[in-house]
Amino acid sequence: MLRIGCHLSSAKGYLAMGKDAVKIGANTFQFFTRNPRGAKAKELNVTDIEEYLKFAAEHGLAQILAHAPYTLNASAKDPALRQFTCETMCDDLSRLEYIPGAMYNFHPGSHVQQGAKQGIVYISELLNQINLHGYQTTILLETMAGKGTEMGRSFEELSAIIERVEDSSHLGVCLDTCHVFDGGYDIVHSLDSILEEFDQIIGLERLKAIHLNDSKNGLGSHKDRHEKIGQGEIGLQAFVQIVRHPCLRQLPFYLETPNDLKGYQREIALLREKAEHEEA
Ligand code: FE
Ligand code: FE
Ligand code: ZN
């Protein structure tokens with residue numbers, strides 16, 4: 001059975017997200033660990049978590065994905081900003097210890113002035129520092145569109161980061177379809193060869209989650225503007241191939257399309273139907 005969900009607001013806590021997910025036919029979901037543009041996280045509500053875990057077990061919700069806020073920058077030149085990033089990620093990860101099997105996705109950041117090579121060193125140093133705490137949660141590096149000086153725009157860049165992490169057993173990659181397409185990977189016409197490339201450079205065993213987003217812009221545009229499934233430059237047929245692909249179909253899929261809950265419900269139903277009842 002397809003594991004699919006969408007990004008949900010975490011404002012009302014875990015149980016509320018779980019209920020929203022079930023309501024729209026999802027069996028997983030993604031959420032921000034704190035306000036995406038802010039720093040402060042709400043106090044940990046252990047009762048809410050306990051109620052959520054019970055609800056999740058009863059309704060078959062599994063392996064949710066936490067998303068780090070956008071304000072972090074693991075490849076920043078300013079050591080104070082890197083320190084802030086490290087502390088925030090550690091705080092998020094210590095909270096996620098209460099949610100067994102959760103994964104934690106983050107944007108590798110922007111190198112701004114000092115170049116991608118130095119950015120790679122900074123990100124891997126930060127991950128080595130985080131690893132000292134021994135958190136259980138798998139940390140995912142998201143593939144990025146390469147807007148400005150954004151890191152993670154190529155499989156080579158992600159691989160260079162992972163290679164420098166001493167214990168990478170809890171490290172994976174989240175592939176965002178809009179981002180890789182905007183980054184120049186033609187998943188519409190060459191999905192198989194792109195997955196082969198991913199396997200050679202990073203290793204498919206590192207691929208732990210997929211963000212399903214259509215793109216408002218063309219291949220290689222480096223823009224990062226998400227579109228509803230089937231209404232952008234990627235198109236529905238490419239998403240059908242993705243959810244049916246033997247290398248991908250066992251992974252959890254997360255929609256981050258511009259939608260309300262009803263819109264997400266329709267996209268989930270559509271992709272389930274395509275994945276389960278149609279020939280590729
Ligand atoms: Fe993201
Ligand atoms: Fe994404
Ligand atoms: Zn995006």
Side-chain angles (χ1 to χ4, degrees), residues 3-10 17 26 28-38 63-75 85 88-89 92-93 96 102-110 119 123 127 137-155 157-158 161 171-185 187 194 198 202 206-229 231-234 238-239 242-243 248 251-259 263-264 267-268 271:
R3 271 193 291 162
I4 187 167
C6 63
H7 188 90
L8 293 173
S9 162
S10 53
M17 288 192 283
T28 182
F29 60 89
Q30 176 182 264
F31 62 100
F32 282 123
T33 52
R34 56 189 76 211
N35 183 319
R37 318 228 164 254
Q63 204 175 40
I64 55 178
L65 181 58
H67 195 305
Y70 294 147
T71 40
L72 306 184
N73 187 0
S75 42
T85 298
T88 306
M89 288 177 75
D92 281 348
L93 288 162
L96 287 170
M103 299 190 290
Y104 183 58
N105 176 62
F106 80 108
H107 295 182
S110 291
I123 300 166
L127 288 167
T137 302
T138 297
I139 302 177
L140 307 183
L141 292 146
E142 182 167 351
T143 61
M144 300 309 293
K147 216 170 38 174
T149 61
E150 216 167 46
M151 300 290 301
R153 65 175 69 205
S154 67
F155 299 160
E157 247 175 45
L158 293 172
I161 296 166
L171 203 54
V173 172
C174 172
L175 186 144
D176 185 310
T177 56
C178 169
H179 297 175
V180 291
F181 184 73
D182 282 20
Y185 292 96
I187 51 173
I194 285 162
F198 187 103
I202 301 176
R206 294 269 182 209
L207 186 56
K208 302 292 185 194
I210 308 277
H211 282 167
L212 285 178
N213 302 303
D214 211 326
S215 176
K216 283 192 195 297
N217 298 101
L219 179 70
S221 62
H222 302 294
K223 286 266 174 49
D224 189 7
R225 300 276 312 280
H226 301 185
E227 182 52 282
K228 293 188 174 80
I229 299 299
Q231 295 185 26
E233 296 292 318
I234 298 176
F239 290 102
I242 288 166
V243 294
L248 307 178
L251 296 171
F253 296 97
Y254 301 92
L255 296 157
E256 301 174 308
T257 46
N259 270 310
Y264 281 132
E267 288 188 346
I268 290 168
L271 290 166

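Both ligands and their constituent atoms are indexed starting at 1 by order of listing.
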Quiz item: In Asp224, the N, O or S atom nearest to the Zn ion (ligand 3) is which?
Solution: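 In Asp224, the heteroatom (N, O or S) nearest the Zn ion (ligand 3) is OD1.
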[X]: its N/O/S atom lying closest to the Fe ion (ligand 2) (atom name):
X: His211; result: ND1
X: Glu256; result: OE1
X: Asp176; result: OD2

Exercise. Please find out if the Fe ion (ligand 2) and some N, O or S atom of His179 are separated by less than 2.8 Å.
Key: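 No - counting backbone and side chain alike, His179 has no N, O or S atom under 2.8 Å.
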Practice problem: Classify the angle between the aromatic ring planes of Phe32 and Tyr70 as parallel (below 30°), tilted (30 to 60°) or perpendicular (above 60°). | Solution: perpendicular
Will you find, in the side chains of [X] and [Y], an N or O donor that is under 3.5 Å from an N or O acceptor?
X: Glu142; Y: His107; result: yes
X: Asp176; Y: Asn213; result: yes
X: Glu256; Y: His211; result: yes

Exercise. Return the name of the atom in His67, of element N, O or S, nearest to the Fe ion (ligand 1).
Key: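 When I compare the N, O and S atoms of His67, NE2 is nearest to the Fe ion (ligand 1).
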Quiz item: What atom name does the N, O or S atom of Glu142 nearest to the Fe ion (ligand 1) carry?
Solution: OE1
Quiz item: Say you draw a straight line from NZ of Lys223 to SG of Cys178; how long is it, rounded to the nearest 0.5 Å?
Solution: 11.5 Å
Quiz item: Quick check: does Cys178 have an N/O/S atom under 2.8 Å of the Zn ion (ligand 3)?
Solution: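 No, Cys178 does not qualify, because none of its backbone or side-chain N, O or S atoms lies under 2.8 Å.
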Self-check item: Heteroatom test (N, O or S) for His226 near the Zn ion (ligand 3), limit 2.8 Å
Solution: yes
Self-check item: Short side-chain to backbone donor-acceptor contact, His179 and Thr143, under 3.5 Å
Solution: yes
Practice problem: Answer yes if the ring centres of Phe155 and Tyr185 are under 6.0 angstrom apart, and no otherwise. | Solution: yes
Practice problem: Look at the N, O or S atoms of His107, main chain and side chain alike, and state whether any lies under 2.8 Å from the Fe ion (ligand 1). | Solution: yes
